[in-house]
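By convention in this document, chain letters (A, B, ...) are assigned in the order of the sequence lines, proteins followed by strands, and residues within each chain are numbered from 1.
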Amino acid sequence: MTAPAGTIRIYNTLSRRKETFETIDPGKVRMYVCGVTPYDSAHIGHGMSMTVFDIIRRYLEHRGYEVRHIQNFTDIDDKIIARANREGIDPNDLTEDLISQWHAETAELGALPASYYPRATQEVGPIIEMIEGLIEKGHAYPVGGDVYFRVRSFPTYGKLSHRDLDDLFSGARIEVDERKDDPLDFALWKAVKPGEPSWESPWGPGRPGWHIECSAMSSTYLDGMVDIHGGGSDLIFPHHENEIAQSEAFLGHEPFARYWVHNGLVKVGADKMSKSLGNFVRLRDILDRGLGPAFRLMVLQGHYRAPLTYSEEGLIAAERGLERLRLAADPDAPVSDADGIEGGGEDLAALAAESDRRFHEAMDDDFNSPIAVSVLFDLARAINRERAGGADGATVEPARAKLAELAGVLGVDVTPAESDAGNAGPFIDLLLKVRGELRAAKQWALSDLIRDELAALGVSVEDTAGGATWSAKRG
RNA sequence: GGCGCCAUAGCCAAGCGGUAAGGCACGGGUCUGCAAAACCCUGAUCGGCGGUUCGAAUCCGCCUGGCGCCUCCA
């Protein structure tokens, strides 16, 4: 269902302001998200980025846009070669394996697959063409089998990261390669070294440098102009800065990307989480515990541009919150008719309408998901309050349906927890039936024993007015 | 050294000029055989000091404490 039209505003790293979102083609969004260099398994930082851009994409689609979402794999790089050599395997086998893991993890995280996933190694032709074009235009020069981009030839270099060339130079932490015209020039093509994979090129055998593959791929798959170009904020410099320089110098027009969107980084404790710091948490570990949906909610509860402080408690807190949303969104949730608890007698249809308005207002404003999520919780509380007061399903339905709908827009799965009990279901039902008899006979010790033992097995039992219900713990 | 960002209740986290969303935890209740879940109640004046303003968590300055980028990184 498409919501009523509203103006979407997006923060653009380039202008450092929120801008009204207007696409190149009406109703269509060209989105390029920097994927990964697959040299190791994904961590939750990748998970955050995947989730953030999945939410942005879902919301734009919800708003009626058709989104062409391209996500690349830079499957040739120093680290890939280093690891493959260390393990004595073919770099291709390594990247194939990691890429298939990536796809599996994307799916388990509940992120929609991209429209297409180009790979650097399969785009060498376009990459070489682009490099040749840059040389012709004087923006690049070959040196002994390498090719470098001449940073000083691109007057607006630094506009994305808001840096001055001379400030960068004064940073003086760049290895000085005497063969380069300028220390800041970066490699477009790297001459082959012993033991490395290589491709033929006008400059001899070699391989693409780091940034050029994204320029070539975004150009190839999004017609040389993109609406949204995204990635983690650690990519702003040098990766995206270099990408702009290459693409705009080559294409001869700017901007090559209209909205630069960057997500905040995951922190563990006070520090940024990264492979090099060794403080990373593998995405796989969270997924295997069945906490993928909780992770998504945790990401949503913070703003996408702000750093996300990750902790085990934070993840568990999100899981608890998610359970509350699930209960509220469950059409078969038990209704209490206990005395002493009164419903608010609210107009839930009106609440649903108001919630819808607030939700879209928040998401339209640079994807303010924390507020959108708070709307979900407000709905949940109202629903539970009415149910606690004995309201029937029909009374609660407008709010319940709205909650499920809005959660769905964010990709939050609030469908009732599926039983992980496998074939044990009927036996558990049987046990609870027996326990019911015991309770009727006030055999509390035995009935409590059954409940405790089931709990130890990961099955929680709850007694409600309508009888006992059970649910298996996820994971 | 350069550029930039952030400091909001126990933890996480919105708000960005009109007297503090939401989540989790804690405590007190209701319900329950007990429990669980749910519901109700309870908690902050926004790092510090100045300034601008009728009015500031929100703007400016200084200070203190963190972080990020400048090198591979989502």
Would you confirm whether [X], through its side chain, and [Y], through its main-chain N or O, come within 3.5 Å as a donor-acceptor pair?
X	Y	result
A:E243	A:H211	no
A:N12	A:R17	no
A:R58	A:V409	no
A:D75	A:T121	yes

Can you tell which of [options] lies closest to the side chain of [X]?
X	options	answer
A:R385	B:rG33, B:rC70, B:rC39	B:rC39
A:L327	B:rA37, B:rA74, B:rA14	B:rA37
A:A388	B:rG22, B:rC39, B:rA74	B:rC39
A:K272	B:rG33, B:rA74, B:rC40	B:rA74
A:S374	B:rG22, B:rC34, B:rA74	B:rG22
A:N384	B:rG68, B:rG15, B:rA38	B:rA38
A:D378	B:rA74, B:rA14, B:rG22	B:rG22
A:D271	B:rG15, B:rC67, B:rA38	B:rC67
A:R324	B:rC70, B:rC39, B:rA14	B:rC39

Tell me whether the side-chain N/O atoms of A:T309 come closer than 4.0 Å to OP1 or OP2 in B:rA13.
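For B:rA13, OP1 or OP2 has a side-chain N or O of A:T309 closer than 4.0 Å.
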Mind calculating the distance between [atom1] ([X]) and [atom2] ([N]) to the nearest angstrom?
X	N	atom1	atom2	answer
A:E462	B:rU32	CD	C1'	12 Å
A:F377	B:rG22	CZ	C1'	8 Å
A:H69	B:rA74	NE2	C1'	12 Å
A:D330	B:rA37	CG	P	17 Å
A:N368	B:rC16	CG	P	9 Å
A:N263	B:rG68	CG	P	16 Å
A:L325	B:rA38	CG	P	11 Å
A:Y11	B:rC16	OH	C1'	13 Å

Please measure how far the [atom1] atom in [N] lies from the corresponding atom in [M], and state the result in whole Å.
N	M	atom1	answer
B:rA57	B:rG17	P	13 Å
B:rG29	B:rA13	C1'	28 Å
B:rA56	B:rG18	C1'	9 Å
B:rU42	B:rA9	C1'	13 Å
B:rC6	B:rC40	C1'	37 Å
B:rU58	B:rA38	C1'	37 Å
B:rG61	B:rU52	P	15 Å
B:rC26	B:rU45	C1'	22 Å

By the 4.0 Å heavy-atom rule, please label [X] as base, sugar-phosphate, or nothing.
X	answer
A:G35	sugar-phosphate
A:V266	base
A:V36	sugar-phosphate
A:R439	base
A:V52	nothing
A:G45	base
A:A42	nothing
A:R305	nothing
A:R435	base
A:H239	nothing

Option from A:L291, A:L410, A:I55 for which side-chain contact (heavy atoms from CB on, under 4.5 Å) with A:R296 holds
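Among A:L291, A:L410, A:I55, the one that satisfies the side-chain contact (heavy atoms from CB on, under 4.5 Å) with A:R296 is A:I55.
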Name the orientation class of the two ring planes belonging to A:H360 and A:Y59 (parallel below 30°, tilted from 30 to 60°, perpendicular beyond 60°).
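Aromatic pair A:H360/A:Y59 classed tilted.
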What orientation do A:H262 and A:W260 show, parallel under 30°, tilted 30 to 60°, or perpendicular over 60°?
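Plane angle under 30°, so parallel.
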Per the atom types in the model, does the base of [N] pair as donor or acceptor with the side chain of [X] at under 3.5 Å?
X	N	result
A:K79	B:rC72	yes
A:R163	B:rC69	yes
A:D448	B:rG33	yes
A:D463	B:rC34	yes
A:R320	B:rG23	no
A:R451	B:rA35	yes

Without placing hydrogens or testing angles, list every side-chain donor-acceptor pair under 3.5 Å for residues 38-45 of chain A, not counting sequence neighbours.
from	atom 1	to	atom 2	distance (Å)
A:Y39	OH	A:K79	NZ	3.3
A:D40	OD1	A:R83	NH1	3.4
A:S41	OG	A:R282	NH1	2.2

Any-strand Watson-Crick or G-U partner of [N], both distances under 3.5 Å:
N	result
B:rU45	none
B:rC59	B:rG51
B:rC3	B:rG68
B:rC39	B:rG29

Contact nearer the 5' end of RNA chain B, comparing A:T464 with A:V373:
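Nearest-nucleotide comparison on RNA chain B picks A:V373.
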Judged by each residue's nearest nucleotide on RNA chain B, which is more toward the 5′ side, A:V461 or A:L308?
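Of the two residues, A:L308 wins.
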Cut-off 3.5 Å, side chains only: do A:W102 and A:Q71 have a donor facing an acceptor?
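A donor-acceptor contact under 3.5 Å links the two side chains.
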Residues A:Y221 and A:E123: side-chain donor-acceptor under 3.5 angstrom
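Looking only at side-chain atoms, A:E123 and A:Y221 do form a donor-acceptor pair, the distance falling under 3.5 Å.
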